[in-house]
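Treat the numbers as computed from the prediction; the structure is a model and nothing was measured.
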Amino acid sequence: MRTLRSQVRWIMIAIVVLFVLSIFGMYGFNSPRGNSSGGEDYAVAEIDGKTVMRSVLEQQLRNYVERANVRDITSADIPGLYQAALENIALASRLEKEAAESGMSASDEEINAAVKEVSDQFPTKEAFMQYLDQSGIKMSDFRKNMAAQVVQMKLMEKAVGKAEVSDEEAKEFYEKMKQLFFHSPAGYTMDFIRVKSSGEAEKILAAMGEGKEFKDAVGAVVSTDIIEKTPASGPVFVPESGFRDKLASLSGLEINKPSPAIELASNDILIAVKREKVEEKTSSFDEVSGDVKAVLTEEKLREGQAEFFKGLRERTNIVILDPTLFPKPEEKKEAPVSQDVVSGDAGVPAVTDVPASPDAVPEAPGDDAVPEAAVSPDVDQGGAAVPEVPVSQDAVPGDPGTPSGSDATVLQVPVSGDIQVPVSADAGK
């Protein structure tokens, strides 16, 4: 059921687990920092009576834009982004204050787990320690920061409460989504390669005609001549409905026999080999009930957390001191929640953004832990309000009929005109 869980989590709005707070004065209340824009630093707003300097707002704006993956920013977007950054500062400030007043504390075990959550994002423990050292963060201060965040997580969990899903709710979801998530059409697992010239394609076919295995035949092709091929994870799944147009000849192809060279487009030649027949199947409710309940539980937690943050904002007083930076009252819209930390699991603080100092916010280098997979251009992600979530490479929503219990996946990639060639999400690595 791994594929199903990953597909549904990708489609569902991700749970905002925690705003990353700092003991280093990240919010810059009455901060003496200089303005990074080169001008004189000054107070732009007050949050619950505490001054927010423009340098701090701009730093938060940069963080917000990076975390929310905002692209193609225009001058008309800046006021709204300033507003979103200020809202994030306000929410984080209120959460920090209420956590401090809650009387809750973090145990050494909980702090250790939070520290590990961050350090595991680095390739080695030594790399993590080196990063802290280069950022000027002492481990003692880092642990204090993690302790504060653990308490904030506890406060939120207490406010949200437990999410329970009944069998009736799970069955209703199953019936509504059965065809989309729990039905797999008939099809085949296939090996494939796309090369840039008919000459290279003929070399592969000649080698297989001499008895060479597919992987050995394609291994002799120069990498620069390969557009795409079967990933290391194995053959990809192709539904029978995919055998149409230029791929129609694959319908009658014998198992383990290479197809003729198929010209998909100029300098794009396909050779494919069917491996195994996959029968049509619809998973029963009993088989997937655990996954269904997990998905619905996450959705209920997300809704509870949204209400929690809404309450924080309602208890926070923001006074704008420089209205020229922000949208005019009639232009204001509800700012999206910061995506500094997004997780698919609500039980453990997932920390990715730990401020090092008033002027630096260290981040784990790159996104090596979970690379972002390509997504079918026909998939609607629901607009900017939906966080962009990393997708597991072994589970990318392609054809809705992808077998839910199989690791083989399909991603439709436009090649020429309306022709689509089935390829794996891992292809091209």
How long is the gap from OG1 on T189 to CZ on R275, to the nearest 0.5 Å? 8.5 Å
The test is side chain to side chain contact (heavy atoms under 4.5 Å, CB included); show your working for T282 and K178 and say whether it passes. CA-CA 8 Å; T282 299; K178 180 163 52 178; 3.6 Å; yes
Would you call the rings of F173 and F182 parallel, tilted or perpendicular if under 30° counts as parallel and over 60° as perpendicular? perpendicular
D167 versus K293: any side-chain heavy-atom pair under 4.5 Å? yes
Atom NZ of residue position K154 - does it have more than 12 heavy atoms of other residues, nucleotides or ligands inside 6.0 Å? yes
Would S197 and E200 count as having a side-chain donor-acceptor pair, cut-off 3.5 Å? no
Where D77 and D72 come nearest, the two heavy atoms and their spacing: OD2-O, 3.8 Å
I'd like to know if the side chain of E202 and the backbone of G199 have a donor-acceptor N/O pair within less than 3.5 Å. no
Heavy-atom check, side chain of V236 versus side chain of P231, under 4.5 Å: yes
Can you tell me how far the CG atom of N63 sits from the CG atom of N88, to the nearest 0.5 Å? 10.0 Å
Rounded at 0.5 Å granularity, tell me how far CG in D268 sits from CD in E228. 9.0 Å
Does the salt bridge (Lys or Arg N to Asp or Glu O under 4.0 Å) test come out yes or no for E175 and K171, once each step is laid out? CA-CA 6 Å; E175 291 299 330; K171 288 179 181 178; over 6 Å; no
Can you name the closest pair of heavy atoms from S259 and L250 and give their distance? CB-CD2, 3.6 Å
Report yes if the side chains of T316 and L91 come closer than 4.5 Å at any heavy-atom pair, otherwise no. no
Please check this pair: side chain of S283 against backbone of V288, looking for a donor-acceptor N/O pair closer than 3.5 Å. no
Heavy-atom nearest pair, K246 first then E263, reads CD-O, 3.5 Å
V195 and I193: CA distance, side-chain angles, deciding distance, side chain to side chain contact (heavy atoms under 4.5 Å, CB included) verdict: CA-CA 6 Å; V195 292; I193 185 170; 3.9 Å; yes
Within a strict 4.5 Å, meaning less than it, do heavy atoms of the L325 and L57 side chains meet? yes
Charged N to carboxylate O under 4.0 angstrom, K116 versus D120? yes
CG-CD1 distance between L270 and I262, expressed to the nearest 0.5 angstrom: 5.0 Å
Any side-chain heavy atom of E240 within less than 4.5 Å of one from E280? no
S107 and E110 side chains, donor-acceptor separation under 3.5 Å: yes
Please examine the side chains of K257 and K274, heavy atoms only from C-beta on, and report whether any two atoms are closer than 4.5 Å. no
Closer than 3.5 angstrom, by distance alone: can the side chain of N112 be matched with the main-chain N or O of D108 as a donor-acceptor pair? yes
Between S102 and V151, what is the shortest heavy-atom contact and its length? OG-CG1, 4.0 Å
Does K300 have more than 12 heavy atoms from other residues, nucleotides or ligands lying within 6.0 Å of its NZ? yes
Quick one, V292 and V295 - any side-chain contact, counting heavy atoms below 4.5 Å? no
Nearest 0.5 angstrom please: S241 OG to L247 CG, how far? 11.0 Å
What's the verdict on side chain to side chain contact (heavy atoms under 4.5 Å, CB included) for R62 and Q59, showing C-alpha distance, side-chain angles and the deciding distance? CA-CA 5 Å; R62 287 191 292 272; Q59 178 64 54; 3.0 Å; yes
Over 60° means perpendicular and under 30° means parallel, so tell me whether Y82 and F326 are parallel, tilted or perpendicular. perpendicular
Of the non-hydrogen atoms in A272 and M190, which two are nearest, and what is the gap between them? CB-CE, 3.6 Å
Roughly how far, to the nearest 0.5 Å, is CG of L296 from CD of E164? 13.5 Å
Can you confirm whether the side chains of D286 and S289 place a donor and an acceptor under 3.5 Å from each other? no
Contact check, side chains of I269 and L264, non-hydrogen atoms, under 4.5 Å: no
For residues F308 and L95, report the shortest heavy-atom separation together with the two atoms involved. CZ-CD1, 3.8 Å
For the side-chain contact (heavy atoms from CB on, under 4.5 Å) test, which of L253, V273, I255, V238 pairs with Y188? I255
salt_bridge(R302, E298) N-O dist < 4.0 Å: no
What do the steps show when you test K229 against D191 for salt bridge (Lys or Arg N to Asp or Glu O under 4.0 Å), and what is the final call? CA-CA 8 Å; K229 65 177 181 178; D191 281 312; over 6 Å; no
If you count every heavy atom of other residues, nucleotides or ligands that lies below 6.0 Å from E254 atom CD, does the total exceed 12? no
Taking NZ, NE, NH1 and NH2 as the nitrogens, is one of them in K196 or D225 under 4.0 Å from a carboxylate oxygen of the other? no
Given the rule in the ring-ring contact (aromatic ring centres under 6.0 Å, His included) test, do Y131 and F122 qualify, once you have shown the distances and angles that lead to the verdict? CA-CA 9 Å; Y131 195 79; F122 292 79; 5.4 Å; yes
Identified salt bridge (charged side-chain N to carboxylate O under 4.0 Å, His left out) counterpart of E87 within the set R94, R313, K310: R313
Verify the neighbour count for atom NZ of K277: are there more than 12 heavy atoms of other residues, nucleotides or ligands below 6.0 Å? yes
Show the numbers, then the answer: is there a side chain to side chain contact (heavy atoms under 4.5 Å, CB included) between L86 and I320? CA-CA 10 Å; L86 184 63; I320 302 296; 3.5 Å; yes
Take atom CD in E303; do more than 12 heavy atoms of anything else shown fall under 6.0 Å from it? yes
